[in-house]
Amino acid sequence: MAGLGEFNWRQLVPDSAWILGAALPLTLLIAAGPPVLAVAAVAGSIAFAIVFALPELGLLLTVAAIPLEDAGTIAQIAGIKLSISKLMGALTALVWFIHLLLGRGKLWLPKPVMLLGLYILAGVFSLLDAKAPWDGVIMTVRLLTTLLFFIMVINLVDSWEKFYRALCLLLLSGVLVQFYTLAQQIFPGALLEHSANQDLFANEAQPLYGVLKDEVETASIGHSVLRSSGTTWHPMVSVLYPVLLVPPLAFFAFHSKSRWFRVAASIGVLAAMGGMVASGSRSSVIALVVALFLLVKNRVIPINRFLITAVIFASVIGWFALPEDFKARVFNPSAYNVETGGSLSGRIEMFNAGIQVFAKSPFNGVGLANLSEMSNYLKNWDFGEHGMGVHNMYLQVALETGIIGLTAVMAMFLYLLKGFYSTSRQFASAGRGDDALLARSLAICVWVVLVTGLMLDIMHLSMKNAWFLFALQPILMRLSLDPTFESMSLGSDYSR
């Protein structure tokens with residue numbers, strides 16, 4: 001039967017080499033400017049022809065470019081960033097749509113897609129009497145691109161081979177970004193001149209990534225801290241990136257049939273943890289603890305004496321290797337003092353302000369992305385005309401889109417969890433234990449998002465890597481239940 005045991009991991013080598021090799025000249029070509037527009041047009045035409053013949057290749061390029069984030073930004077138009085991943089995604093979506101018109105595929109819209117669409121409709125409805133409708137329109141466009149990407153992944157990944165290729169390329173690209181995030185702490189050239197707390201919340205802010213000097217906790221711990229933002233504009237945005245990599249990488253590290261792939265996945269886990277430390281994010285630490293607990297509880301990580309000994313030894317050695325800034329921000333009790341801890345006191349004030357804003361219009365909200373409403377209830381924070389969110393996904397969705405939007409979002413997440421666990425049981429009953437554990441590891445990614453949502457507004461951030469992992473739920477369900485997909489997989493090039 002098709003699944004983890006039958007996938008030939010050597011197929012990932014040419015995929016990875018081709019995509020990573022093509023990404024560099026394509027990036028240089030795009031960034032070179034007007035003198036080479038003609039060449040860019042020719043290259044674009046060739047790319048279109050290739051993707052038209054192989055839409056799944058366009059999807060792989062899009063997935064591989066997702067972790068580039070702001071580092072892959074080409075331009076910014078009306079507050080909307082145009083990046084390499086968006087460019088490839090748009091090309092792939094166009095080709096996929098043409099294929100649908102030509103009758104070469106069928107459109108599938110499972111329940112998670114409908115629920116995300118309902119949330120977007122609630123957001124549009126909330127703009128009818130919003131004070132800043134244009135900000136809401138921009139956010140709606142961003143959400144629609146997320147919806148399109150969500151639908152595209154679900155429909156184009158229709159076999160085990162495509163499933164593993166896309167997932168592993170996302171993990172590969174993500175791990176490389178975590179190495180880059182860690183390297184930012186080593187190279188002095190990555191230190192940005194501005195503070196992490198200056199002019200970062202306006203829609204017109206230019207992409208910023210590097211090492212930022214965070215001064216929020218200066219009053220509590222006595223000094224500023226250096227935090228790497230990776231390829232994003234702020235370490236706060238990169239909270240989810242390293243932790244989302246851990247569950248699937250941990251699965252491959254313990255259950256892959258290839259010894260070398262287990263080693264590579266283990267290195268990937270360490271890189272993700274290193275990137276998390278470099279970002280200095282306490283939210284990431286909390287999410288990582290929850291993820292590791294669930295990985296052990298769901299037996300994705302099998303516990304034995306050797307593992308326990310290795311973890312204790314690595315923890316002792318790792319403590320001395322941790323940067324002092326990370327220790328001061330995460331483990332210093334003074335950083336959690338409500339009176340002096342800038343981050344904690346600020347979040348409490350934002351949360352209280354968010355509740356007051358929600359109380360004004362609980363049914364349809366004050367308007368999608370109408371964050372300026374918060375400024376009327378904040379005394380110690382000034383985020384300018386665009387305002388600031390509440391650092392809580394649930395309250396943010398509720399105050400913006402009302403009870404309808406919050407209900408749609410929560411229903412979507414609950415359905416994803418239910419679907420992953422149901423698929424896991426389906427695999428287990430069929431005697432496919434490894435695939436059952438894979439489904440559970442992906443369910444843990446959803447839990448990571450839900451936990452992080454208590455400290456960050458996930459829906460405001462276009463985290464396509466998270467939405468790709470969410471899309472794997474209906475894909476896994478289809479692969480586990482539809483016999484036609486099983487027969488297609490058996491006809492593919494699989495080997496042990």
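All heavy atoms count here, side chains included; hydrogens, waters and symmetry mates do not.
Going from atom CG of L399 over to atom CG of L406 covers 10.0 Å, rounded to the nearest 0.5 Å. From T452, atom OG1 reaches atom CD1 of I286 across 9.0 Å, with rounding to the nearest 0.5 Å. The line from CG of L450 to CE of M410 is 6.0 Å long, rounded to the nearest 0.5 Å. Here I301 contributes atom CD1 and L295 contributes atom CG; the two are 4.5 Å apart, rounded to the nearest 0.5 Å. Remark: L156 CG to I151 CD1 distance equals 11.5 Å, nearest 0.5 Å. Atom CG of L469 sits about 12.5 Å away from atom CE of M463, to the nearest 0.5 Å.
Counted within 6.0 Å of NZ on K327, heavy atoms from surrounding residues, nucleotides or ligands total more than 12; the atom is thus considered enclosed. Heavy-atom contacts from other residues, nucleotides or ligands closer than 6.0 Å to CH2 of W319 number more than 12.
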Exercise. Could you please spell out the steps behind the side-chain contact (heavy atoms from CB on, under 4.5 Å) verdict for L322 and V330?
Key: CA-CA 11 Å; L322 287 176; V330 176; over 6 Å; no
Practice problem: Go through the steps for Y241 and T181 under the test side-chain contact (heavy atoms from CB on, under 4.5 Å), then give the verdict. | Solution: CA-CA 11 Å; Y241 284 73; T181 303; over 6 Å; no
Self-check item: Evaluation steps, side-chain contact (heavy atoms from CB on, under 4.5 Å), between C445 and V449
Solution: CA-CA 6 Å; C445 292; V449 172; 5.9 Å; no
Practice problem: Take R227 and D325, measure what salt bridge (charged side-chain N to carboxylate O under 4.0 Å, His left out) needs, and give me the verdict at the end. | Solution: CA-CA 8 Å; R227 303 177 60 191; D325 280 355; over 6 Å; no
Practice problem: I would like to know whether D158 and R478 meet side-chain contact (heavy atoms from CB on, under 4.5 Å); could you show each step before the answer? | Solution: CA-CA 8 Å; D158 55 7; R478 183 169 58 180; 4.1 Å; yes
Practice problem: Kindly determine whether Q426 and S480 satisfy side chain to side chain donor-acceptor pair (under 3.5 Å), including the steps that lead there. | Solution: CA-CA 7 Å; Q426 182 77 18; S480 69; 5.5 Å; no
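Side chain of N304 to main chain of F306: a donor-acceptor pair is present (N/O by atom type, distance under 3.5 Å, no hydrogens or angles). The main-chain N or O of F261 is found under 3.5 Å from a side-chain atom of S258 such that the two form a donor-acceptor pair. A distance-only check finds a donor-acceptor pair linking the side chain of Q185 to the backbone of L226 [under 3.5 Å]. In this structure a side-chain-to-backbone donor-acceptor pair under 3.5 Å is present from T232 to S229. A donor-acceptor pair under 3.5 Å links the side-chain atoms of R262 to the main chain of S256, judged by distance alone. No donor-acceptor pair under 3.5 Å is formed between the side chain of H391 and the backbone N or O of M350. When atom types are taken as modelled, the side chain of S422 and the backbone of K418 share no donor-acceptor pair closer than 3.5 angstrom. Checked by atom type and distance alone, the side chain of S228 never pairs as donor or acceptor with a backbone atom of G230 at under 3.5 Å. In this structure, Q396 contributes its side chain and V390 its backbone to a donor-acceptor pair below 3.5 Å. Side-chain N or O atoms of N392 include one that pairs as donor or acceptor with a backbone N or O of L454 at under 3.5 Å.
When each of V290, L288, V296 is tested with L292 by the rule side chain to side chain contact (heavy atoms under 4.5 Å, CB included), just one qualifies, namely L288. For the pairing with I120, the side chain to side chain contact (heavy atoms under 4.5 Å, CB included) check across T146, L368, L143, T401 returns one residue only, L143. Considering V63, L59, T62 in turn, V63 is the only one that fulfils the side chain to side chain contact (heavy atoms under 4.5 Å, CB included) rule with F468.
Between S173 and A64, the shortest heavy-atom distance links the atoms OG-O, 2.6 Å. In terms of heavy atoms, A398 sits closest to F358 at O-CD1, 3.4 Å. The shortest non-hydrogen separation linking S281 to S284 is OG-N, 3.1 Å. Of all non-hydrogen atoms in V409 and M459, the two that sit nearest each other are CG2-CE, 4.3 Å. Taking each heavy atom of K464 and T145 in turn, the nearest pair found is NZ-OG1, 3.8 Å. Heavy-atom minimum distance, P247 versus S441: CB-O, 3.2 Å.
F150 pairs by the side chain to side chain contact (heavy atoms under 4.5 Å, CB included) definition with P112, V113, L116, I154, W467, F470, A471, not counting sequence neighbours. Shown here are the salt bridge (Lys or Arg N to Asp or Glu O under 4.0 Å) partners of R440, two or more places apart in sequence or in another chain: there are none.
When side chains are defined from C-beta on, L170 counts as touching P67, because their heavy atoms get closer than 4.5 Å. Residues I308 and I312 meet the side-chain proximity criterion, which asks for heavy atoms closer than 4.5 Å. At least one side-chain heavy atom of Y421 sits under 4.5 Å from a side-chain heavy atom of L417. Side chains of L307 and F254 form a contact here, defined as non-hydrogen atoms less than 4.5 Å apart. Side chains of L395 and V357 form no contact here, defined as non-hydrogen atoms less than 4.5 Å apart. Contact annotation: the side chain of L148 never approaches that of L144 to less than 4.5 Å [non-hydrogen atoms, C-beta and beyond]. For the pair S283 and L456, the minimum side-chain heavy-atom distance is 4.5 Å or more. Annotation: side chain of F149 is not in contact with side chain of K86 (no heavy-atom distance under 4.5 Å).
Using bins of under 30°, 30° to 60° and over 60° for the plane-to-plane angle, the ring pair W160/Y164 lands in the parallel bin.
For F420 and W447, the ring centers are positioned 6.0 Å apart or more.
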